Engineer: 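Before I ask anything, let me first share the structure, which is written out below as structure tokens.
Numbered from 1 within each chain, the chains take letters A, B, ... in sequence-line order. Bear in mind that the values here come from a model prediction, so they are computed numbers and not experimental data. In what follows, every heavy atom counts, from backbone to side chain, and hydrogens, waters and symmetry copies are set aside.
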Amino acid sequence: MLPLQTLREDVDRIAEALAKRGLDARPMLDEILELDERRRSLQLQLDNTLAEANRLSKEIGNLFKTGKAAEAQALKDESARLKETSKTLGESLNEAAEALQQALYQVPNTPHESVPAGKDATANQEVHRSGDHPQLGAGALPHWELAKKYDLIDFELGVKITGAGFPVYKGKGARLQRALISYFLDRNTAAGYQEVQVPHLVNEASGYGTGQLPDKEGQMYEVGEDRLYLIPTAEVPVTNLFRDVILDRAELPLKYTAYTPCFRREAGSYGAHVRGLNRLHQFDKVEIVRVEQPEGSYQALDEMVAHVQSLLEALRLPYRILRLCGGDMGFTSALTYDFEVWSAAQERWLEVSSVSNFEAFQANRLKLRYRDALNKTQLAHTLNGSALALPRILAGILEDYQDETGIQIPEVLVPYTGFSRIGGGD
RNA sequence: GGAGGAAUGGCAGAGUGGUCGAUUGCGGCGGUCUUGAAAACCGUUGAGGGUUAAACCUCCGGGGGUUCGAAUCCCUCUUCCUCCGCCA
């Protein structure tokens, strides 16, 4: 949610920035300003009414104390009338405030100046591409075939237990996955991110805090009975750690990393592109989250990008980095870099990380503030990124590291897996 | 699951119908003193709305109610604590 303050001060710039998302926000923004105007005018009327009522109450109290109960009665009547007025005003005010809130929820974050305009993925900018692409011989297999051949992942078994998109990892497949989680957590920790373990179900307030609600409830699994949601990403519980918090400047930046499973309904996406590990309802991800002062948030974003890049370099997977265009960016983001790994057997790019700066958009909903140099409370900036999402990394490793007789394990993972090869041909 | 108790400012902890956004202590910040620091003393110190600035309004876990007036009384929800039961 955009801070109302900046909206009041800078509508033109905001409308202009939102145009990059292919959105004509002007009517929406004008309506918000009108609702805000209305809200404030009602607030003023209510405040004045309450002030008068407060004054009367004190007077009545004094009259009673000095034994002039008779005089008090007239004031009581007046007070009752004010109460009626304030009740009506209060209702109107609530309506106006609610309408304003709803309207504000509809406005996505303003893209950063470096974000290219565009309405879909074709307008994304490739900002980096790694050098080496493995050349696979004829007979190279996609990862779902490899998973079957070496008995690493059983998709059908998952269908039996739960449904499509809930794979069962087995043997070296399971071990490789655990190795990746440990490796990522260790690297993130070494880079100064504190490891946390967080709940995998969150309440409604948390969903609103990071912006999954009210717009994207369809994406989350809901546990109806208790009004809880299975997390679609660790971003939700980790960022909400700081909901309703006022931090000291000295505490910033905050850097956290968490491994969690992620649950996504992914309604309506079926077909060849979702085969195997390409798109799942449950998958594992290691996330990094930062809370920053506004001045430092873009440098932080750069650091996160460099860090994720170093993970992919270490795994020696071919990758590229995209700067997402306005239309392809998430609702809450101001600037997003996507990382994609080249899947040699499928001959396509697979998204393995998304690193974003949300500026004050989430912080505004979260009421995540800090005291600036003048000791004034200000909204902090939040950022997060995957470091990394597991399934497609696993897919990339299986496909890109395969040879005729098996799959080589990336060197940095061997201490974690305890084996250096899947299949034969040592 | 059953029975009791509790929720107040960064923390501790007063406050059971009126001038209480709230006594006090600790902590924080500023100052006096000091070569410097500590101690002592003085001052200051919640959040949001609103205003050029003020005035003013709201907030004592959340929501609702009683009353001219609620931190204080009533209802309800949530959370925590104690005891009992159950349990990895």
Engineer: Applying a 3.5 Å limit to both distances, which nucleotide forms a Watson-Crick or G-U wobble pair with B:G43?
Structural biologist: B:C29

Engineer: Check the orientation of A:His281 and A:Tyr221. Use parallel for under 30°, tilted for 30 to 60°, and perpendicular for over 60°.
Structural biologist: perpendicular

Engineer: Knowing that exactly one of A:Asp338, A:Asp328, A:Thr336 qualifies, which makes a side-chain hydrogen bond (donor to acceptor under 3.5 Å, both in side chains) with A:Asn124?
Structural biologist: A:Asp328

Engineer: Quick test of your reading of the model: are A:Arg38 and A:Glu34 salt-bridged, counting only N-O distances below 4.0 Å?
Structural biologist: no

Engineer: Looking only at atom C1', what distance separates B:A54 and B:G63, rounded to whole Å?
Structural biologist: 34 Å

Engineer: Within the 4.0 Å limit for protein heavy atoms, which parts of nucleotides 43-52 of chain B are touched? Write it as a string from 5' to 3', B for base, S for sugar-phosphate only, - for none.
Structural biologist: ----SSBSS-

Engineer: Look at the aromatic rings of A:Phe361 and A:Phe331 and report parallel, tilted or perpendicular, splitting at 30° and 60°.
Structural biologist: perpendicular

Engineer: Scan for ring pair (Phe, Tyr, Trp, His ring centres under 6.0 Å) pairs involving residues 7-40 of chain A, sequence neighbours excluded, and state none if there are none.
Structural biologist: none

Engineer: Summarise how protein sits on nucleotides 65-77 of chain B as a single string, 5' to 3': B when a protein heavy atom is under 4.0 Å from the base, S for sugar-phosphate-only contact, - for no contact.
Structural biologist: --BBS--------

Engineer: With A:Phe263, which residues qualify under ring-ring contact (aromatic ring centres under 6.0 Å, His included), at least two apart?
Structural biologist: none

Engineer: My understanding is that only residues two or more places apart in sequence, or in another chain, count here; which of them pass side chain to side chain contact (heavy atoms under 4.5 Å, CB included) with A:Ala205?
Structural biologist: A:Asn203, A:Arg243

Engineer: In chain order, what residues pass the side chain to side chain contact (heavy atoms under 4.5 Å, CB included) check against A:Ser310, with sequence neighbours excluded?
Structural biologist: A:Arg187, A:His307

